[in-house]
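All remarks here apply to the structure that follows.
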Number of protein chains: 2
Amino acid sequence: MAAQASGRTGETRPGGEEPVAAEDRHAGCDSWRSVAPDAARRLLIAAVEAFAERGFHATTTRDIAGRAGMSPAALYIHYKTKEELLHRISQVGHERSLSLLRDAAAGRGGPSDRLAAAVGAFGRWHAEQHTTARVVQYELSALSPDHYAEIVALRRRTEAVVRDLVEEGVRAGEFEVLDARATALAMLSLCLDVARWYRPGGRRTPEEIGDFYADLALRMVLAPRATGRH
Amino acid sequence: MAAQASGRTGETRPGGEEPVAAEDRHAGCDSWRSVAPDAARRLLIAAVEAFAERGFHATTTRDIAGRAGMSPAALYIHYKTKEELLHRISQVGHERSLSLLRDAAAGRGGPSDRLAAAVGAFGRWHAEQHTTARVVQYELSALSPDHYAEIVALRRRTEAVVRDLVEEGVRAGEFEVLDARATALAMLSLCLDVARWYRPGGRRTPEEIGDFYADLALRMVLAPRATGRH
DNA sequence: GCTGTTGCTAAGCGCGTGCTCAGGGCCCCG
DNA sequence: CGGGGCCCTGAGCACGCGCTTAGCAACAGC
């Protein structure tokens, strides 16, 4: 991990018109391989991009269909409503990030190693898949009550993975924390927020961001050295 | 600060219909004392509540006017557009949180004390004023390009305050960080995210949240103890 | 060649949106 | 009582929204 690199903050317009980088688009498409007919997948990818740029409510079905190279009516052959698109995106995104987190948390090593791996993987995903992650993290409130409840269950399981890791480290005597639940939530906050500020081509690669956040997570749970406070 | 309190996570519907707590409503009103005619202030407070619950694009001008006890047309006597309401909210909110942060950062003590005070105050504000903060942090993209640029300038100044504090601590030999800018951003991420998950009446008071995050911020910058990693 | 199925489009319906405008009640000054 | 300024309302306009419907081209099976 490089130290103290210089560079711009790069806070640019989230809903701007800058073209999507090729790297970005490629990474985005790969995650949706499981979605069945080709036209349905193209619509889903178009919806992810549109929702990420403008938000769910500011995106029109005409915009989504246009990005997918289709007429507005084509959308309704593959999806019942605009909300169903959001639900599918949210579902697949949450399941993917949860499984990444679980795999890392179930790896080899002690609590420190596994916590670092989990936070690193979760943070890295939010950078690499920042377009999807933005929709997944910040458009929840547009879901129908039923779909919202379903997604919240996935989120609770995500929180539980990190919380369990922290508690395990405390029991093993490796970690010292004031509040395991709140500490776990703070780690998730760090990673989620990557989706808000990350821009491709910035100072840091997704991998560097993951590594940096893994280090921060360890600092949060390891007992601090005696400080210079008076 | 209490350790390891038990309780529910409390992730409830952001756009739900639960009535606003009295404590909440009171705290919200106090911050807008500077807004001039009484009717304009009532409209602003109504807009904050509506935007926080449903988001800018899902909120109608009829809804805002209704909450303020007025007809839809009354809104346009005090504000040119719906976007102007969002701009005023964003402006006042950013200025308020920036000035809180600056006051704490300019206080007495060494870098550790001032960093803890700054992060504590900033985190606490995002809990106390979570309704305003939600609009301020998550509805930026609905601003017009001019207004957006103005607000981004305020945000950069906010980032600079924390970054300068971290760099000062590094120069003083109190802190050890891999990347001062990224560390400062992480601290802000923690605090901003409070606006997303905080619910009044939860496990923690705003003050406890601020204190907890101040402690986390110090852990992030103080060199970690030798770890148990192999 | 005929029919059924699949995947799409052109056209458009009904509605709710942001916003406008003519006018009316109320208060202060004479 | 008259006149003017300040707030506010009732009614409604133009538009763009989510979504529907009728129909068409392509193709497979027989």
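Chain A is the first sequence line, chain B the second, and so forth, proteins listed ahead of strands; every chain is numbered from 1.
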Output one line per pair: protein atom, nucleotide atom from nucleotides 17-23 of chain D, and distance, for all N/O pairs under 3.5 Å.
| from | atom 1 | to | atom 2 | distance (Å) |
| --- | --- | --- | --- | --- |
| D/dG18 | OP1 | A/Thr59 | O | 3.1 |
| D/dG18 | OP1 | A/Lys82 | NZ | 2.9 |
| D/dG18 | OP2 | A/Thr61 | N | 2.9 |
| D/dG18 | OP2 | A/Thr61 | OG1 | 3.1 |
| D/dG18 | N7 | A/Arg62 | NH1 | 2.9 |
| D/dG18 | O6 | A/Arg62 | NH2 | 3.1 |
| D/dC19 | OP2 | A/Tyr76 | OH | 2.9 |
| D/dC19 | OP2 | A/Lys82 | N | 3.0 |

Partner set under side chain to side chain contact (heavy atoms under 4.5 Å, CB included) for A/Ile77, not counting sequence neighbours: none

Partners of B/Ala182 by side chain to side chain contact (heavy atoms under 4.5 Å, CB included), sequence neighbours excluded? A/Phe212, B/Asp179

Using atom [atom1] of [X] as one end and atom [atom2] of [N] as the other, report the distance to the nearest whole Å.
| X | N | atom1 | atom2 | value |
| --- | --- | --- | --- | --- |
| B/Tyr79 | D/dC8 | OH | C1' | 15 Å |
| B/Ile64 | C/dG18 | CD1 | C1' | 11 Å |
| B/Met70 | C/dG18 | CE | C1' | 18 Å |
| B/Ile77 | C/dA22 | CD1 | C1' | 13 Å |
| B/Leu43 | D/dC8 | CG | C1' | 11 Å |

Would you please name every residue forming a side-chain hydrogen bond (donor to acceptor under 3.5 Å, both in side chains) with [X], sequence neighbours left out?
| X | value |
| --- | --- |
| A/Glu95 | none |
| B/Thr61 | none |
| B/Thr158 | none |

B/His57 and A/His57: ring pair (Phe, Tyr, Trp, His ring centres under 6.0 Å), yes or no, with the steps? CA-CA 6 Å; B/His57 289 293; A/His57 288 293; 8.1 Å; no

